[in-house]
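Here is the naming used below: chain letters follow the sequence lines, and residue numbers restart at 1 for every chain. In this text the structure is predicted, and so the values were computed from the model without any measurement.
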Number of protein chains: 6
Amino acid sequence: MRILVVNPNTTASMTAKIGAAARSAAAPGTEVIAVNPPDGPVSIEGYYDEVFSIPGLIAEIRRHPDMDAYIIACFDDTGLDAARCATSAPVIGIGEAAFHMASLVAGRFGVVTTLARSVPAIEHNLKRYGLMERCARVRSSEVAVLELEEPGSNASARILDEMRRSLAEDRAEAIVLGCAGMADLAGRLSQEVGVPVLDGVACAVKLAEALVQLGLRTSKVGGYAPPRPKSYTGIFSHLAPGA
Amino acid sequence: MRILVVNPNTTASMTAKIGAAARSAAAPGTEVIAVNPPDGPVSIEGYYDEVFSIPGLIAEIRRHPDMDAYIIACFDDTGLDAARCATSAPVIGIGEAAFHMASLVAGRFGVVTTLARSVPAIEHNLKRYGLMERCARVRSSEVAVLELEEPGSNASARILDEMRRSLAEDRAEAIVLGCAGMADLAGRLSQEVGVPVLDGVACAVKLAEALVQLGLRTSKVGGYAPPRPKSYTGIFSHLAPGA
Amino acid sequence: MRILVVNPNTTASMTAKIGAAARSAAAPGTEVIAVNPPDGPVSIEGYYDEVFSIPGLIAEIRRHPDMDAYIIACFDDTGLDAARCATSAPVIGIGEAAFHMASLVAGRFGVVTTLARSVPAIEHNLKRYGLMERCARVRSSEVAVLELEEPGSNASARILDEMRRSLAEDRAEAIVLGCAGMADLAGRLSQEVGVPVLDGVACAVKLAEALVQLGLRTSKVGGYAPPRPKSYTGIFSHLAPGA
Amino acid sequence: MRILVVNPNTTASMTAKIGAAARSAAAPGTEVIAVNPPDGPVSIEGYYDEVFSIPGLIAEIRRHPDMDAYIIACFDDTGLDAARCATSAPVIGIGEAAFHMASLVAGRFGVVTTLARSVPAIEHNLKRYGLMERCARVRSSEVAVLELEEPGSNASARILDEMRRSLAEDRAEAIVLGCAGMADLAGRLSQEVGVPVLDGVACAVKLAEALVQLGLRTSKVGGYAPPRPKSYTGIFSHLAPGA
Amino acid sequence: MRILVVNPNTTASMTAKIGAAARSAAAPGTEVIAVNPPDGPVSIEGYYDEVFSIPGLIAEIRRHPDMDAYIIACFDDTGLDAARCATSAPVIGIGEAAFHMASLVAGRFGVVTTLARSVPAIEHNLKRYGLMERCARVRSSEVAVLELEEPGSNASARILDEMRRSLAEDRAEAIVLGCAGMADLAGRLSQEVGVPVLDGVACAVKLAEALVQLGLRTSKVGGYAPPRPKSYTGIFSHLAPGA
Amino acid sequence: MRILVVNPNTTASMTAKIGAAARSAAAPGTEVIAVNPPDGPVSIEGYYDEVFSIPGLIAEIRRHPDMDAYIIACFDDTGLDAARCATSAPVIGIGEAAFHMASLVAGRFGVVTTLARSVPAIEHNLKRYGLMERCARVRSSEVAVLELEEPGSNASARILDEMRRSLAEDRAEAIVLGCAGMADLAGRLSQEVGVPVLDGVACAVKLAEALVQLGLRTSKVGGYAPPRPKSYTGIFSHLAPGA
């Protein structure tokens, strides 16, 4: 089985970290291909960055048409709906993956993400998925995405602080880490706080494997129907449906 | 006052129709500039098309930095959140504009849009805005967007049919037309059905004028904070925040 | 265009302040007529006062049948549903006006009103309108309505305090002022806190103008159908439908 | 124990029928006093009629200050919030009474009311109470309120028709009769359809007795605090708080 | 009228206290029979205990087939749905009883229960009933169920503390006591805090009496249909439907 | 990895079919042990049957303490909360498993279950999980559970009929089969209708494997804390916590 993991930002070190996390979660027969688009923001922090990461994300999916499943490795599940239109193979966002898995091990989970500006997008996703019902609160640690890449930063301490507040003040029973760049922290932080701590990258890999093994593919009835053939003008003409 | 109306698809005839509708709704002192991006889909029908229209939409907003307000003339409110980050002037989507205005003249409104594939995106917006509570049902007429541009089509008859079903079966008290390309139909169809029929383009123009006159601009606290300065690589480098 | 602004309480100084606020928001061609009923409470603070203000409010609307639109200048949107039955011209409550406009400039708004006893009525309205989804919290400043009319009071300082709490503790991104008597404070307080601050009177004027210019009138299908002709006995006989 | 049952419309024959229904539900030691105000609409059919019935309703409550409990015998629970402010004795609306009792004998209930115009007000109440969650659908039989008073009308047949649709199409498990004027129909119609059929008048009497026996009175913290002393001008001056 | 009150745990002293509370709430003609099953947990504190109390609870109901109504005297409304299938006489849980009654005397109520582990089950019930809308927050006092039986414990002081927090921090307007073992505390604590304090046992008795007097029985359409005749194997064979 | 699949009813042929379905979904290294309790109903059809299946279910989990994960193979997720208290290994219900997986391949799914009486329990679960938001409607095929075991029945044709209605009338985009006894039908029915059809048994196996491989176990903070040590009397004494 081959799974394409797309980091929708353009920071190769983060792609490497995400790829490693994905591989370490993958089953023996699963090949993980981790890529990022050449075009777009170096990190995704809020709505503006998001929209410039999506064309590259879709292009990567189209460039790798023979995959068994696709993972979008941005916690905002950036471009998830469009990606589901672009292929009939399963597509999983790491945000939704973590929310669904957390719902299986806890009645109520908290989310700790990077910056305050990213909170509303995550809340919107939770509402759409229905899982806001299960979420105690989305908290920000005020750690920027690329700080997570800096060796000497105190990022994980600040994340841990916010996790503790989530447990004490919001009555969370498990914690979802709200950024792909936190993929390497779940294990250690779970030991610190004594509740399940979920990293979306690992969760998404297992869910992608599960869907593939079950033969489940995206429904093509309704919102995820294949895009209608039509022209796209200018720089996106090669990405038109059917092009 | 100058309002930029961006049709996020690349069909100039539709931009012209939208511009005319906007101008006919505008107050005397309001100048409407209607544009569409050079790059992207010729029509927006579903999630896939949407994401390729947004970079061009944002580019148009950046290209016209001195406007008093901006209108996104796609009923899905495509790229609305990102656009709100890109400027502190008010930005209004024609979908939300119609929903809010309909809420002022009816307890419960129906929406009649183009294709079934567009229904989920509209429903998601209604949920986010809170106004699903006021919406009887989102119906599709199975009229494609560009059919609305064809002189001899029976598009308006099919839309009218669906409007009548919305009133009879869903207990709607007003009808929102669910596509920018229907902007010229509201007046006539309202006479046919005897309830308010709302076109989002006209609604958005009035709301944009209202916000400007009240001196209200987008809050920069929270999700609509200006994007953090950072590099964008490749074809989007000129659209990086601060670039 | 002529807009009747009804202050449903009987305090003339407040009617004057509301009228001034409405006029200063109105477009050049808009004539604002500000009135209050002769019968009823001197201020509206909670459910009990509300119901004694509504017959007078409806009487004022009937007394001015040729208006293009009507505004109810009490933040509880007192009598809004009945008023919408009484005329087919648009009727707007200042509460709903502010909530809808705030939804266009912020993802999430806070409300700061007068007394704790008024909070539940405002919360009920927000739920009905669907916009509780967008509201961070309704807070009371414990400033009584008529204190807002007293020159030397520290009312605005106490309101400002509560606004700051709304931003810091509730993550509001904009503030709605929850009383018609605060109409003169929005501009100054917005400068203090650096986020949009909305006064419902001004918002309602712009929305009323917008509906009139769009030719949108209240739907007469459903809950806002004209009242059925019937007798009213006693002191209300002259207000019977058709009387 | 003495319970005041206020029919807020001014039709004495309906007051008599409601009084009889209340008495037949009352426990031996309960005295039912059924009254209607001298001023107001002869029937309540929609929002407009509602607001002219409330001052008279409140006046009746004030005129009978020594009651152990008060019942508002209009299915819209007209004036319920204001009435709760006016006394610390329990006040129960017949709509809420029926909804709560139906929730104890069925997972999901339907409501069959008089006219379509009354449906939105009932739906708003259900949302406020939280019990929309339990309601399958509010249906109208298009029987006017005073038709229920006409001996030879086919009103009950039309109501029965709509009850059958509620069971078959909406999966209701019990039926709430949505008008005080239907108080005499519950027993017979329940036998016809084989599920519980609830009349709000009887339900309210039992709930009022229950609250009195438990010593439970309306909370005076929050929205139901006693109205603040103040002047009312004009025809309502004698109904000012403290007057 | 005869009402069976089943304490689903096996602690006889608690059954006695519950029986006394029920009798003191009962009307003169009501006979209260208080029982507990011989098999099961000595107290119910969380999901695990719950499921071992239900077979005994159902057995008690079957053992007393001629009752007019049944009350389940555990605040989690343990086994309520199954019990409603087992008989067509009314069955009331003390949790739902208190929630419904609190909704009649306050806009918003708080719940104070025993242990944190019991909070999620209560929250689930509130959501199902629809009444989470009315609940300010479910708080735990960290008093274990059987501590309530110990004469010298400071249990009521700790409950009172939490009630005060509910009023001050959650804006509750009334308090529901969240354990059958608190049945004797309502009167005294209500005097301490000055708002209505509700004990579910007393509320359930009055509601059971009310339903019986109204002739209302559980709907047998839908989820509460009588169980289909079938075999049960092993230790439960005598409890099979029809056995 | 060893997974215990508990069919909570006592019909061995159904346990065998479920075991086979589980094994065919399992990864090579996964050992599936399928059991059913000796005590309880031969099929679970509604709330009454449910409660007599849970003690046996819990006993099976305790009897097999060394499993890596547990699956409850009843679509009502019978006893799921109690089971999660009984072990810290992951426990998955087949209902929730199917709902979560369906949410990854469709915006909106329908459920087709056996009897109407089972619909409310499934709806309650969907509400608790938050996923009612994603569910188009729960439909019953009026096929009894054990009919699914009869070779010559037309059960699958009736289920297929209802699936088609779900797609056409409810706008479902995928179908969840609402009974463990339908585990063998998913593949064939999916081909018939052309959308994803999900069987909860297979979904649960993959989710259980995923959780185990990720090292995720049930949170022991909150509602799933280990039951407090205490005595259980009578027939359940050996199942007391710590016993």
Check: Between the side chain of C:Asp77 and the main-chain N/O of C:Gly95, is any donor-acceptor distance below 3.5 Å?
Finding: yes
Check: Checking heavy atoms, do the side chain of C:Ala202, its backbone, both or neither come under 4.5 Å from chain B?
Finding: both
Checklist line | Between C:Gly93, C:Gly215, C:Ala210, the one whose heavy-atom pairs under 4.5 Å with chain B are most numerous | finding: C:Ala210
Item checked: C:Gln213, part contacting chain B, at a heavy-atom distance under 4.5 Å -> side chain
Next item on the list: State, to 0.1 Å, how close C:Ser140 and C:Thr114 come at their nearest heavy-atom pair, and which atoms those are.
Entry: CB-O, 3.4 Å
Next item on the list: Identify which of C:Val195, C:Leu214, C:Leu216, C:Leu131 forms the greatest number of heavy-atom pairs closer than 4.5 Å to chain B.
Entry: C:Leu214
Margin query: In the structure I gave you, are the side-chain heavy atoms of B:Val201 and B:Ile71 within less than 4.5 Å of one another anywhere?
Written below: no
Margin query: Please output the residues of residues 157-169 of chain B in contact with chain C, using a heavy-atom cutoff of under 4.5 Å, in numerical order.
Written below: none
Item checked: Heavy-atom side-chain contact between B:Pro226 and B:Lys220 under 4.5 Å -> yes
Notebook entry, point to check: Of the backbone (N, CA, C, O) and the side chain (C-beta and beyond), which part of C:Ala172 lies under 4.5 Å from a heavy atom of chain B, both, or neither?
Noted result: backbone
Next item on the list: Would you please go through residues 103-112 of chain C and name the residues with a non-hydrogen atom below 4.5 Å from one of chain B, in numerical order?
Entry: C:Ser103, C:Leu104, C:Val105, C:Ala106, C:Gly107
Check: What heavy-atom pair brings B:Val5 and B:Ala73 nearest, and what distance separates the two atoms?
Finding: CG1-CB, 3.9 Å
Notebook entry, point to check: Between B:Lys17 and B:Gly181, what is the shortest heavy-atom contact and its length?
Noted result: NZ-O, 2.7 Å
Notebook entry, point to check: Mind checking whether C:Asp199 and C:Met182 have side chains closer than 4.5 Å, heavy atoms only?
Noted result: no
Checklist line | Over all atoms of both residues, closest heavy-atom pair of C:Val212 and C:Ala69 | finding: CG2-CB, 3.8 Å
Next item on the list: Over all heavy atoms of both residues, which pair between C:Gly79 and C:Leu57 is shortest? Give the atoms and the distance, please.
Entry: CA-CD2, 4.0 Å
Note to self: Against C:Pro8, only a single residue in C:Asp76, C:Ile44, C:Asn36 fulfils side chain to side chain contact (heavy atoms under 4.5 Å, CB included); can you say which?
What the structure shows: C:Ile44
Check: B:Tyr129 vs B:Phe99 aromatic rings, parallel, tilted or perpendicular, using cut-offs 30° and 60°?
Finding: tilted
Note to self: Looking at B:Gly187, is its backbone amide N or carbonyl O close enough to the side chain of B:Ser190 to form a donor-acceptor pair, meaning the two atoms are under 3.5 Å apart?
What the structure shows: no
Check: Taking every heavy-atom pair that is under 4.5 Å apart, which of C:Glu96, C:Lys206, C:Arg128, C:Glu133 has the most such pairs with chain B?
Finding: C:Lys206
Note to self: Restricting to side chain to side chain contact (heavy atoms under 4.5 Å, CB included), what partner residues turn up for C:Arg2, sequence neighbours left out?
What the structure shows: C:Glu31, C:Ile33, C:Asp66, C:Met67, C:Asp68
Margin query: With side chain to side chain contact (heavy atoms under 4.5 Å, CB included) as the test, pick out the partner of C:Ile54 among C:Thr78, C:Ile72, C:Leu80.
Written below: C:Thr78
Next item on the list: Please confirm whether the backbone N or O of B:Val32 pairs with a side-chain atom of B:Arg23, one donor and one acceptor, at under 3.5 Å?
Entry: yes
Check: Going by residue number, which parts of residues 82-91 of chain B are within reach of chain C, meaning a heavy-atom gap below 4.5 Å?
Finding: B:Arg84, B:Val91
Notebook entry, point to check: Which atoms of C:Val197 come close to chain B, meaning under 4.5 Å heavy atom to heavy atom: side chain ones, backbone ones, both, or neither?
Noted result: backbone
Check: Taking all atoms of both residues into account, what is the closest heavy-atom pair of C:Ala208 and C:Ile92, and its distance?
Finding: N-CD1, 3.4 Å
Margin query: So for C:Arg217, is it side chain, backbone, both, or neither that comes closer than 4.5 Å to the heavy atoms of chain B?
Written below: backbone
Check: Is there side-chain contact between B:Arg63 and B:Val35, with heavy atoms separated by less than 4.5 Å?
Finding: no
